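As structure tokens, the structure follows; a few thoughts come after it.
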Amino acid sequence: MDHSGHGMNMDLPPFTLGRGLQFSADPIFLIGCVLAVVLYGYAVMRLRSRGDSWPVNRIVFFVIGVLTIALVMCTKLNDYGMVMFSVHMVQHMVISMLSPILLLLGAPVTLALRALPVAARGHKGPRELLLMLLHSRFMKIVTHPVFTIPLFIASLYGLYFTPLFDYLMGSTAGHLVMMLHFLAVGLVFFWPIMGIDPGPHRPGYLLRMLELFAGMPFHAFFGIALMMASQPMVEVYKSPSASLGIDALSDQNAAGGIAWAFSEIPSVLVLLALVFQWYRSDQRTAKRSDRAADRDGDQELHAYNAYLASLQARGQ
């Protein structure tokens with residue numbers, strides 16, 4: 001019966017939110033989450049000690065982003081995710097669609113570039129290496145929509161509808177690799193779209209919205225495919241333990257519903273962020289032209305009026 005390699009997980013009691021949120025940490029994710037917050041905090045302190053400011057909202061976004069990862073990977077949700085498709089889908093959606101957006105709104109790359117010291121002439125320190133990575137051909141490729149959109153789609157269909165998923169779920173290491181993959185895919189997909197941190201691929205606002213919406217229908221359709229299925233489609237979840245008190249097919253339908261509903265959440269979050277950024281950049285442009293006008297006594301406007309006058313003269 002137990003082909004998942006997780007004998008210890010076979011007899012979990014029926015799922016409740018209270019049970020799901022009990023502490024049960026995946027050590028690698030726990031260490032990663034703690035390190036991320038500590039390093040981010042340290043970088044902010046360095047900036048502050050220099051007298052530089054760092055927006056509080058970015059700190060809040062980043063910390064919440066890390067907490068969302070801890071929520072799905074350092075609680076019993078991670079144990080239940082091994083035996084219940086619906087719970088696994090919550091993990092997958094949060095770590096690939098919600099956590100990356102929140103982390104990126106925290107602008108960690110910008111923070112690192114500002115906090116890391118500039119190396120001595122002719123030397124390469126961490127800051128220089130980070131810049132080299134940002135400008136590398138590798139980064140150009142992995143953050144390009146021609147790469148990120150198919151990757152985003154393939155990590156749904158290529159994983160769940162092939163034997164690869166069962167193979168990865170067969171071991172703790174496989175499961176860990178899969179979750180890290182979901183997080184990485186989310187980060188490279190949303191990074192150019194959020195556009196707060198510097199990166200090699202910087203489309204305009206309209207293109208970013210198109211990029212966002214290019215992936216989402218496939219995501220929604222994936223959820224619908226799971227909801228409509230008349231038999232369990234993923235081997236690992238075909239015969240749930242009796243102690244869970246669930247039916248494999250209805251649990252899969254729930255997983256599909258979660259995937260489908262979740263495709264809306266990042267869309268709304270990202271759109272709000274983009275509209276706000278767009279508004280802010282328009283404000284900045286307007287302020288810049290106002291300042292320029294103050295400096296040169298509105299030369300641009302006089303020049304334009306002279307141009308109109310010349311057109312009128314020519315027309316007569």
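All residue numbers refer to positions in the sequence shown, counting from 1. Values in this document were obtained by computation on a predicted structure and should not be read as measured data.
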What distance do Leu130 atom CG and Lys124 atom NZ have between them, rounded to the nearest 0.5 Å?
-> 14.0 Å
Where do Tyr237 and Met169 land on the side chain to side chain contact (heavy atoms under 4.5 Å, CB included) test, with the steps shown first?
-> CA-CA 10 Å; Tyr237 299 117; Met169 287 293 278; 3.0 Å; yes
So OG of Ser96 and CE of Met178: to nearest 0.5 Å the spacing works out to 11.5 Å
With no hydrogens and no angle check, is any side-chain donor or acceptor of Ser281 less than 3.5 Å from a backbone partner on Trp278?
-> yes
Could you state whether Leu111 and Leu39 fall into the same hydrophobic cluster, counting links through intermediate Ile, Leu, Val, Met, Phe, Trp or Tyr residues with side-chain heavy atoms under 4.5 angstrom apart?
-> no
For residues Leu207 and Leu210, determine if any side-chain heavy atom of one lies less than 4.5 Å from a side-chain heavy atom of the other.
-> yes
Taking side chain as C-beta onward, heavy atoms only, is Val72 less than 4.5 Å from Met179?
-> no
Report yes if some heavy atom in the side chain of Tyr80 is under 4.5 Å from a heavy atom in the side chain of Pro14; otherwise report no.
-> no
Rounded to the nearest 0.5 Å, how far apart are CG of Leu156 and CZ of Phe161?
-> 8.5 Å
Any donor-acceptor pair under 3.5 Å from Glu264 side chain to Ala261 backbone = no
Taking the side chain as C-beta and beyond, is there a heavy-atom pair between Arg19 and Lys76 under 4.5 Å?
-> no
Heavy atoms from other residues, nucleotides or ligands near OH of Tyr167 exceed 12 (cutoff 6.0 Å) | no
Over 60° means perpendicular and under 30° means parallel, so classify the ring planes of His92 and Tyr160, tilted if in between.
-> parallel
State plainly whether one hydrophobic cluster holds both Leu183 and Leu176, where clusters connect Ile, Leu, Val, Met, Phe, Trp and Tyr through side-chain heavy atoms under 4.5 angstrom apart.
-> yes
Within 6.0 angstrom of Ile28 CD1, more than 12 heavy atoms from elsewhere = no
Would Ile31 end up clustered with Phe29 when hydrophobic side chains under 4.5 Å apart are linked, directly or stepwise?
-> no
Connected to Val34, directly or through other members, by ILVMFWY side-chain contacts below 4.5 Å are Val38
Hey, what do you get for CD (Gln22) to CG (Leu17), rounding to the nearest 0.5 Å?
-> 11.0 Å
Heavy-atom count around Arg137 CZ within 6.0 Å, excluding the residue itself: above 12?
-> no
For Phe147, check side chain to side chain contact (heavy atoms under 4.5 Å, CB included) against everything at least two apart and list the hits.
-> Ile141, Val142, Leu151
Is any side-chain heavy atom of Phe62 less than 4.5 Å from a side-chain heavy atom of Leu103?
-> yes
NZ/NE/NH1/NH2 to OD/OE distance under 4.0 Å, Glu235 and Lys238 | yes
Point-to-point distance, once rounded to the nearest 0.5 Å, from CD1 of Ile101 to CE of Met194 = 6.0 Å
Contact summary for Leu104 and Ile196, nearest pair of heavy atoms = O-CD1, 4.0 Å
Arg127 (side chain) donor-acceptor with Leu113 (main chain) under 3.5 angstrom = yes
Linked, directly or transitively: Val177 and Leu159 (ILVMFWY side chains, under 4.5 Å) | no
What heavy-atom pair brings Pro266 and Phe262 nearest, and what distance separates the two atoms?
-> CD-O, 2.7 Å
Which heavy-atom pair separates Ala254 from Ser86 by the least distance, and what is that distance?
-> CB-CB, 4.0 Å
Which class fits the ring pair Phe85 and His88: parallel under 30°, tilted 30 to 60°, perpendicular over 60°?
-> tilted
OG/Ser171 to NE2/His175 distance, rounded to the nearest 0.5 angstrom?
-> 10.0 Å
Hydrophobic cluster membership, Leu206 vs Phe190, 4.5 Å side-chain cutoff | yes
Indicate yes or no for a side-chain donor-acceptor contact from Ser250 to the backbone of Ile246 under 3.5 Å, with no hydrogens or angles considered.
-> no
List the steps, then state whether side chain to side chain contact (heavy atoms under 4.5 Å, CB included) holds for Leu244 with Asp251.
-> CA-CA 11 Å; Leu244 287 166; Asp251 187 51; over 6 Å; no
So, Phe152 versus Phe218, ring centres under 6.0 angstrom or not?
-> no
Please check if the side chain of Ser243 supplies one atom and the backbone of Leu12 the other of a donor-acceptor pair under 3.5 Å.
-> yes
Check against side chain to side chain contact (heavy atoms under 4.5 Å, CB included), Val83 and Phe15 = CA-CA 10 Å; Val83 291; Phe15 178 79; over 6 Å; no
Ignoring hydrogens and angles, tell me if any N or O in the side chain of Arg114 forms a donor-acceptor pair with the backbone of Ala43 under 3.5 Å.
-> no
All heavy atoms of Val185 vs all of Ser155, minimum pair found to be CG1-OG, 3.8 Å
So, does Ser99 use its side chain to make a donor-acceptor pair with the main chain of Val94 at under 3.5 Å?
-> yes
Donor-acceptor pair, Arg58 side chain versus Ala107 backbone, under 3.5 Å?
-> no
Side chain to side chain contact (heavy atoms under 4.5 Å, CB included) involving Ile224 - partner list, sequence neighbours excluded = Met228, Trp260
Evaluate the ring planes of Phe221 and Tyr157, with Trp represented by its six-membered ring, and classify them as parallel (under 30°), tilted (30 to 60°) or perpendicular (over 60°).
-> parallel
When every non-hydrogen atom of Pro117 is compared with those of Arg46, the smallest separation belongs to CD-NH1, 4.0 Å
Do Leu71 and Leu67 come close enough that some side-chain heavy atom pair is under 4.5 Å?
-> no
Full working for side chain to side chain contact (heavy atoms under 4.5 Å, CB included) between Gln252 and Leu249 | CA-CA 5 Å; Gln252 174 175 288; Leu249 191 59; 4.2 Å; yes
Does the side chain of Thr148 come within less than 4.5 Å of Ile193's, by heavy atoms?
-> no
Smallest heavy-atom separation, Ile95 atom then Phe182 atom, equals CG2-CB, 3.6 Å
Can you check whether Val63 reaches Tyr40 side chain to side chain, under 4.5 Å on heavy atoms?
-> no
Does NZ or CZ of Arg208 fall inside the cone over Tyr205's six-membered ring, less than 6.0 Å from its centre and within 45° of the axis?
-> yes
